[in-house]
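Sequence lines set the chain letters: A, B, ... in the order given, protein chains first and strands last, and positions in each chain run from 1.
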Protein chains: 2
Amino acid sequence: MANIQEVARKAGVSVATVSRVLNNNSNVTEKTRLKVKQVINELSYEPSRLGRNLRNSESRLLLVLIPNISNPFYSEIINGIEETAVKQDYNILLCETNSDSERESIYINLIKNRMADGIILMDPTVNKKKLHELSETYSIVQCSEYDKEGNIPFVSINNELAAYHAVRYLIKIGNKKIALINSDEKFLYARERKRGYEKALHEFGITGYSDLIYHTDAVSFEDGQLAMRCLLDKKEKPTAVFAVSDILAIGALKEINASGLKVPSDISIVGFDKIAFSNMTYPTLTTISQPMYKMGCASANMLINKIKGKQVENITFDHELVIREST
Amino acid sequence: MANIQEVARKAGVSVATVSRVLNNNSNVTEKTRLKVKQVINELSYEPSRLGRNLRNSESRLLLVLIPNISNPFYSEIINGIEETAVKQDYNILLCETNSDSERESIYINLIKNRMADGIILMDPTVNKKKLHELSETYSIVQCSEYDKEGNIPFVSINNELAAYHAVRYLIKIGNKKIALINSDEKFLYARERKRGYEKALHEFGITGYSDLIYHTDAVSFEDGQLAMRCLLDKKEKPTAVFAVSDILAIGALKEINASGLKVPSDISIVGFDKIAFSNMTYPTLTTISQPMYKMGCASANMLINKIKGKQVENITFDHELVIREST
DNA sequence: TATTGTTTTGTAATCGTTTTCATTATAGAG
DNA sequence: CTCTATAATGAAAACGATTACAAAACAATA
C-alpha cells in the first residue's frame with residue numbers, strides 16, 4: 001500500500017506538494033497538480049487517515065451513546081445523526097450502554113483516548129458530577145434525555161407539556177379514571193411526563209386515582225403487559241391509559257386485547273414516540289410524535305459546532321398529538 | 001492534555017519504559033512500574049489511540065454496513081457484533097447504506113483509508129467484481145445476505161430450507177392456495193426463500209397458483225399492506241400467506257384485519273425473522289426464527305480472525321419454525 | 001539587466017505512540 | 001572481588017500525514 005512518500009518520489013515532487021494536492025489547498029501549478037494526480041491514480045494511492053488524524057489531533061468520529069439499539073425510537077434519531085455527520089465528513093461510533101454505567105465509562109474513555117471528537121449522550125447513567133467535569137474538557141451534547149443541572153447543551157422536547165396534552169385529550173373525550181404507565185423516575189422524561197399527567201388531572205379537578213400510576217422496571221413490551229395486567233386487577237379499572245412510551249403502550253394494548261376488553265370502547269390508550277410499529281397495531285395507536293430524525297440532525301450539528309469551539313444553544317422541538325384508533 | 005513524554009520526564013524514565021508499563025508488557029521493575037503509574041495518575045494521563053493506531057497501523061474499528069438501521073432484524077445482529085467486538089477491544093463503525101451503492105462506496109473508502117480494519121457486510125449492493133477485488137486486499141465478511149460466487153466468507157442460515165419448512169407447515173395444516181410475499185429478487189435470500197416455497201408446493205403437487213406471488217419494492221410495513229391488498233383483490237383469494245419478512249407479514253396482517261377477514265380462520269400467515277414485534281401483533285405471528293444475535297457474534301469473530309490472518313470457514317446457523325396464533 | 005514582488009515548491013519539524021537494538025544495572029557463581 | 005548471564009532501561013527510528021518557514025522559480029517593473 002503506497003504512502004505519500006512514494007507518490008512524491010514517483011511524481012518528482014515533495015510530500016508537501018502531494019499533501020497540497022490532496023487537500024486541494026493552497027496554490028499548486030496546474031501542471032504539477034495533474035502530474036501528482038496521475039501518479040496517485042497509477043499507484044491507486046489512498047491517504048491514510050491514521051496519519052492525518054494524528055497530525056491533526058482529531059479522529060473525525062462522533063461517539064453516540066444509546067441505551068438500547070433495538071428501540072426504534074433511537075434508530076430514527078441515529079438516522080438523523082448519521083446523515084448529518086457524514087455530510088460534514090464525520091463518522092459515528094455507535095455504542096450501546098444498556099444503561100450500564102460501567103459499560104458507559106468504557107465508551108467514554110474513547111474520547112479521553114482521542115478516538116472520538118465528541119459525544120452525543122442519549123441516556124446519561126454516569127454520575128452527574130463526573131459528567132459535568134467531563135463536559136468541561138470535552139465536547140458533549142445530550143439528546144432526548146438530559147440532565148438539567150449542568151450546562152451541557154441538549155436537544156429535546158417539552159415532555160411535561162406533551163404529556164399534559166395527551167392526558168388533557170383523554171379527559172376531554174370523557175375519561176376520568178386515567179392510568180399512567182411510567183418508566184423509572186430516574187429518567188427526567190419520566191418525571192416530567194408524570195408532572196404533565198398530574199397537571200392535566202389537577203386542572204380538571206380529577207383526584208383520588210393515585211393508585212393508577214405504575215412504574216415499570218425497563219421499557220419493553222413485556223413491561224407494558226405486566227403493567228397493564230396489574231392495572232386491570234385493580235378494583236377500579238381505568239377507562240384510559242397513558243403510557244410514556246409506545247413500546248409500553250403496545251404491550252398494554254396486547255394485554256387489554258388478551259383480557260377480552262376492547263380498545264377504545266372499554267379502554268382508551270395513548271402512547272408516546274410514534275414509532276413506525278405504532279401504526280400497525282390493532283387498533284392503531286394514538287400517540288405523541290417527536291421529531292426523532294430532526295432531533296438527531298440537530299444534536300449532530302450542535303456537537304460539531306461545539307467541537308469547532310462555537311457557542312451552542314439548547315433546542316426544544318415541538319411535539320404533536322397523533323390521534324388514531326386507540327382513543 | 002499530557003502525553004507520554006511528559007509522563008516519562010516527570011517519572012524520570014524514558015518513554016519506552018512508560019510504554020512498557022502502559023502495555024504491561026515485558027519486564028519492568030516493580031519499583032519503576034509503581035513510580036510510572038503514580039505519575040500517570042497525577043497527570044491523569046490517557047494514552048492517545050491516534051498515536052498508537054498510527055504506529056500499529058490499525059484502527060481497531062470494524063465497519064458494519066447495514067441497509068437500514070430501523071429494521072429490528074439488524075438491530076439484533078448489531079447487538080451481537082458489538083458485544084463481541086468490545087470484548088476484543090474493537091469498536092464498531094455503524095454505517096447505513098440505504099442500499100445505495102454510492103453511499104456504500106463512501107463507507108468502503110473508510111477501509112482503504114485505514115480507518116477500519118475490516119468490514120461486515122449485510123447487504124452488498126456494490127458490484128460483485130469490485131467486491132471480490134476488495135476482498136483480496138481487505139478483510140471482509142458477509143452476514144445474513146451474501147454473495148455465493150466469490151470466496152468471501154459468510155454467516156447465514158439455510159434460507160431455502162427455512163422457507164420450505166414454513167410452507168410445508170402451511171400445507172400440512174390444510175392450505176393449498178398459499179401466497180408468497182417476496183421482496184426484490186436481487187436479494188439472494190429472496191431467491192432462495194422463493195425456491196423453498198416452490199419446492200414445498202411442488203412436493204405436495206400443488207400447482208396453478210403462480211399469480212399468488214407478489215414482489216415488493218422494499219421491506220416496509222406499507223409494502224406488506226400493499227402486497228396483501230393486491231392479493232385480496234385476486235379472484236381466488238389465498239387461504240394462507242408466507243411473507244419473507246416479519247415486517248411484510250405484519251403489514252399484511254394489518255391489511256387482512258382491515259378488510260374484515262379473520263386470521264387465522266380465514267387466512268393463515270407466516271413471517272420470517274422473529275423480530276420482537278412479531279409477538280405483539282394481533283394475533284401473534286407464526287414465524288421462522290433466525291439466531292440474529294448469534295449471527296452477529298459469529299460474524300464479528302469471523303472478521304476479527306480474518307484480520308488476524310487466520311483461515312475462516314462459512315457458518316450456517318439453524319432456523320426454527322415458531323408456531324403462534326396466526327396459523 | 002537588475003530589482004522587486006509574487007507564486008510555487010521543498011525541508012524539516014511535528015503529532016504520540018511502539019519497538020528494535022544497544023546499553024546499563026543487577027544478581028549469581030566462582 | 002571479578003566475571004558472566006540476565007534483567008531493566010534508554011536512544012532513536014519508525015508509522016503517514018500536515019504545515020511553518022525557507023528557498024527557489026517566475027513575472028513584472030524600472
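- Between the B/Glu96 side chain and the B/Ile69 main chain, a donor and an acceptor come within less than 3.5 Å of each other.
- Rounded to whole Å, the distance from CZ on A/Arg9 to C1' on C/dG10 is 16 Å.
- Taking atom NZ of A/Lys112 as the reference point, atom P of C/dG16 lies 18 Å away to the nearest angstrom.
- Note: CG (B/Asn27) to C1' (C/dA27) measures 14 Å, nearest angstrom.
- Formation of a donor-acceptor pair under 3.5 Å by the B/Glu145 side chain with backbone atoms of B/Leu188 is found in this model.
- Looking only at atom types and distance, the side chain of B/Ser144 has no donor-acceptor partner in the side chain of B/Tyr74 under 3.5 Å away.
- The structure places CD of B/Glu46 at 10.5 Å from CG of A/Leu110, a figure rounded to the nearest 0.5 Å.
- B/Ile4 places its CD1 atom 16 Å from the C1' atom of C/dT14, with the value rounded to the nearest Å.
- Between C/dT8 and A/Thr32, no contact under 4.0 Å exists linking OP1 or OP2 to a side-chain N or O.
- Side-chain contact of A/Asn3 with A/Ser48: a donor-acceptor pair under 3.5 Å is absent, judged by distance alone.
- Judged by distance alone, with hydrogens and angles left aside, the side-chain atoms of B/Glu58 form no donor-acceptor pair with the main-chain N or O of B/Asp117 at under 3.5 Å.
- In the 5' to 3' direction, nucleotides of DNA chain D lying under 4.0 Å from heavy atoms of chain A begin and end at D/dG16 to D/dT19.
- Remark: A/Leu54, A/Arg55 in residues 38-60 of chain A come within less than 4.0 Å of DNA chain C through at least one heavy atom.
- The residues B/Glu83 and A/Arg103 are annotated as salt-bridged, a charged nitrogen and a carboxylate oxygen being separated by less than 4.0 angstrom.
- For A/Thr84 and A/Asn301, the side-chain atoms include no donor-acceptor pair closer than 3.5 Å.
- Within residues 13-25 of chain B, the residues approaching DNA chain C are B/Ala16, B/Ser19, B/Asn23, by heavy-atom distance under 4.0 Å.
- Residues A/Ser183 and A/Tyr189 bring a donor and an acceptor atom of their side chains to less than 3.5 Å of each other.
- Between A/Phe154 and A/Asp147 the shortest side-chain heavy-atom distance does not fall below 4.5 Å.
- Between B/Val28 and A/Met1, the residue anchored closer to the 5' end of DNA chain D is B/Val28, taking for each the nucleotide with the nearest heavy atom.
- For A/Asp123 (side chain) and A/Ile66 (main-chain N/O), no donor-acceptor pair under 3.5 Å exists by modelled atom type.
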